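All of these numbers come straight from a predicted model, not from anything done at the bench.
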Amino acid sequence: MSTTLTSPAESAAAPQKSLELSVVMPCLNEAETLRNCITTASEALKRAGIYGEIVIADNGSTDGSQEIARQCGARVVNVPQRGYGNALQGGIAAAEAKYILMGDSDESHDFSHIPRFFEQLSAGADLVVGNRFHGGVAKGAMPFLHRYLGNPVLTGIGRLLFRVPVGDIYCGFRAFTRDAYHKMDIRSTGMEFAVEMVVKGTVLGMKVTEVPTTQSPAGRSRPPHMRPWKDGWRTIRFFLVSRVKLRRRKHV
């Protein structure tokens, strides 16, 4: 049963209404930032009048993150298989709403922007991707090589090989319909999860749009989980394998 973010006065009517949006946050030892992320998301849902839930896909936290999430009214889903993609797949599978939004729990994403994504989904989009370069990247929020080399190059490759209609293919702040997600049949277990989603959504002819968003420096004191060179190589490998499969399909 979902833990929904409604006031006691609304609880009597809530069961009669279907959930509109599930906010899924992958989490691995994010006790320093998780409370603020959940609070911001909860307030954004309430201000916009969106009936939703917050799902924390916990990947084995040992710092009290799970208890913090429950205290804030979120639902915790334990995902034992390690990896960014695994955590998201577990959280999305447990989500109960028609629309799903995913965002990191380290304060790098601004959950007050939730209505921007929801508006696009309500207008018929299948996948809505945040564009941090249109919204603004704060100083220190993205390493120099990521901002000026890694992300632009990988986005360029995606646009060249698959004609993806977005300018920030790696942005992990995005929303999509439940039906679209199931049709994509995403298999990635690591950071390339986000790239696979955009590529498959485009290849399948889905309506893919983007909205401006921002990126702030992560609020945690520990190093990030990302491994730039390894994650970059995995993305390039995914591009190459997908391109070969697409060509074969066209010649069948």
Side-chain angles (χ1 to χ4, degrees), residues 2-7 19-59 61 65-66 68-77 84 87-88 90-92 94-122 125 127-138 140-142 166 168 170-178 181 193-194 197 209-220 224-225:
S2 297
T3 301
T4 52
L5 302 168
T6 56
S7 65
L19 282 168
E20 296 174 295
L21 181 68
S22 293
V23 179
V24 176
M25 302 183 195
C27 176
L28 175 57
N29 294 326
E30 301 289 7
E32 295 175 289
T33 56
L34 188 58
R35 187 181 302 276
N36 286 342
C37 290
I38 295 174
T39 299
T40 302
S42 175
E43 291 175 349
L45 291 172
K46 291 178 180 178
R47 281 197 305 269
I50 301 170
Y51 183 52
E53 64 171 355
I54 296 178
V55 179
I56 305 302
D58 192 79
N59 217 191
S61 295
S65 291
Q66 294 191 15
I68 291 172
R70 294 190 182 98
Q71 289 173 359
C72 293
R75 180 157 59 96
V76 177
V77 176
Y84 176 75
L88 282 168
I92 293 169
E96 299 180 356
K98 175 183 179 181
Y99 301 136
I100 300 167
L101 178 142
M102 57 183 249
D104 295 344
S105 55
D106 60 1
E107 291 185 320
S108 60
H109 296 153
D110 188 347
F111 286 100
S112 69
H113 294 170
I114 285 175
R116 302 181 183 183
F117 295 85
F118 186 79
E119 181 180 356
Q120 290 289 313
L121 291 173
S122 299
L127 170 62
V128 187
V129 182
N131 189 318
R132 297 165 292 181
F133 302 112
H134 286 176
V137 179
M142 188 182 296
V166 300
D168 187 2
Y170 245 119
C171 183
F173 198 20
R174 58 184 61 191
F176 41 88
T177 68
R178 176 186 297 278
Y181 176 75
F193 179 96
M197 180 179 287
T209 63
E210 61 180 0
V211 295
T213 190
T214 58
Q215 177 154 334
S216 301
R220 66 170 88 89
H225 297 301

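- Side chain of Asp104 to main chain of Asp106: no donor-acceptor pair is present (N/O by atom type, distance under 3.5 Å, no hydrogens or angles).
- Looking only at distances, a side-chain donor or acceptor of Arg75 sits under 3.5 Å from a matching main-chain atom of Ala94.
- For the pair Ser105 (side chain) and Pro26 (backbone), a donor-acceptor distance under 3.5 Å is present.
- Between atom OH of residue Tyr51 and atom CG of residue Leu45 there is a gap of 11.5 Å, rounded to the nearest 0.5 Å.
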### Query
Hey, mind stepping through Asp110 and Ser216 against side-chain contact (heavy atoms from CB on, under 4.5 Å) and telling me if it holds?
CA-CA 8 Å; Asp110 188 347; Ser216 301; over 6 Å; no
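- Just one residue in the list Val128, Val129, Leu121, Asn131 forms a side chain to side chain contact (heavy atoms under 4.5 Å, CB included) with Thr209, and that residue is Val128.
- To the nearest 0.5 Å, atoms CD1 (Ile114) and CD1 (Ile54) are separated by 6.5 Å.
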### Message
Run the side-chain contact (heavy atoms from CB on, under 4.5 Å) test on Tyr181 and Ile92 for me, step by step, so that the C-alpha distance in whole Å, both residues' side-chain angles and the decisive distance to 0.1 Å come before the verdict.
### Response
CA-CA 9 Å; Tyr181 176 75; Ile92 293 169; 3.4 Å; yes
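- Here the straight-line distance linking atom OG of Ser61 with atom CG of Leu28 works out to 5.0 Å at 0.5 Å rounding.
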### Task
Dump the intermediate steps for side-chain contact (heavy atoms from CB on, under 4.5 Å) on Thr213 and His109, then the final yes or no.
CA-CA 8 Å; Thr213 190; His109 296 153; over 6 Å; no
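- Smallest separation of non-hydrogen atoms from Ala141 and Pro217: CB-N, 3.5 Å.
- Residue Cys72 forms a side chain to side chain contact (heavy atoms under 4.5 Å, CB included) with just one option from Ile56, Leu34, Ile38, and that option is Ile38.
- Glu53 and Ser22 form a side-chain donor-acceptor contact under 3.5 Å, judged by distance and modelled atom types alone.
- Between Arg47 and Ser112 there is a side-chain heavy-atom pair separated by less than 4.5 Å.
- Looking at Lys98 and Glu20, their side chains never come closer than 4.5 Å, going by heavy atoms from C-beta outward.
- The distance from atom SG of Cys171 to atom CE of Met102, rounded to the nearest 0.5 Å, is 8.5 Å.
- Nearest approach of Glu107 to Asn36, heavy atoms of both residues: OE2-ND2, 2.7 Å.
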### Message
Between Gln71 and Arg35, is the side-chain contact (heavy atoms from CB on, under 4.5 Å) condition met? List the steps.
### Response
CA-CA 9 Å; Gln71 289 173 359; Arg35 187 181 302 276; 3.1 Å; yes
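- Formation of a donor-acceptor pair under 3.5 Å by the Arg174 side chain with backbone atoms of Ala194 is found in this model.
- At distances below 3.5 Å, at least one donor-acceptor pair connects side-chain atoms of Ser65 with backbone N or O atoms of Glu30.
- Aromatic ring centroids of Phe117 and Tyr99 lie 6.0 Å or more apart.
- Between atom CZ of residue Phe118 and atom CG of residue Leu21 there is a gap of 6.5 Å, rounded to the nearest 0.5 Å.
- For Arg70 against Val76, the heavy-atom pair with the smallest separation is CG-CG2, 3.8 Å.
- The side-chain heavy atoms of Tyr170 and Met142, taken from C-beta on, include no pair separated by under 4.5 Å.
- Smallest separation of non-hydrogen atoms from Val23 and Ala41: CG1-CB, 4.5 Å.
- Taking the six-membered ring where tryptophan is involved, the planes of Phe111 and Phe173 are perpendicular, since the angle between them exceeds 60° and thus also 30°.
- A heavy-atom distance below 4.5 Å is found between the side chains of Met197 and Leu127.
- In terms of modelled atom types and a separation under 3.5 Å, the side chain of Arg116 and the main chain of Pro212 share a donor-acceptor contact.
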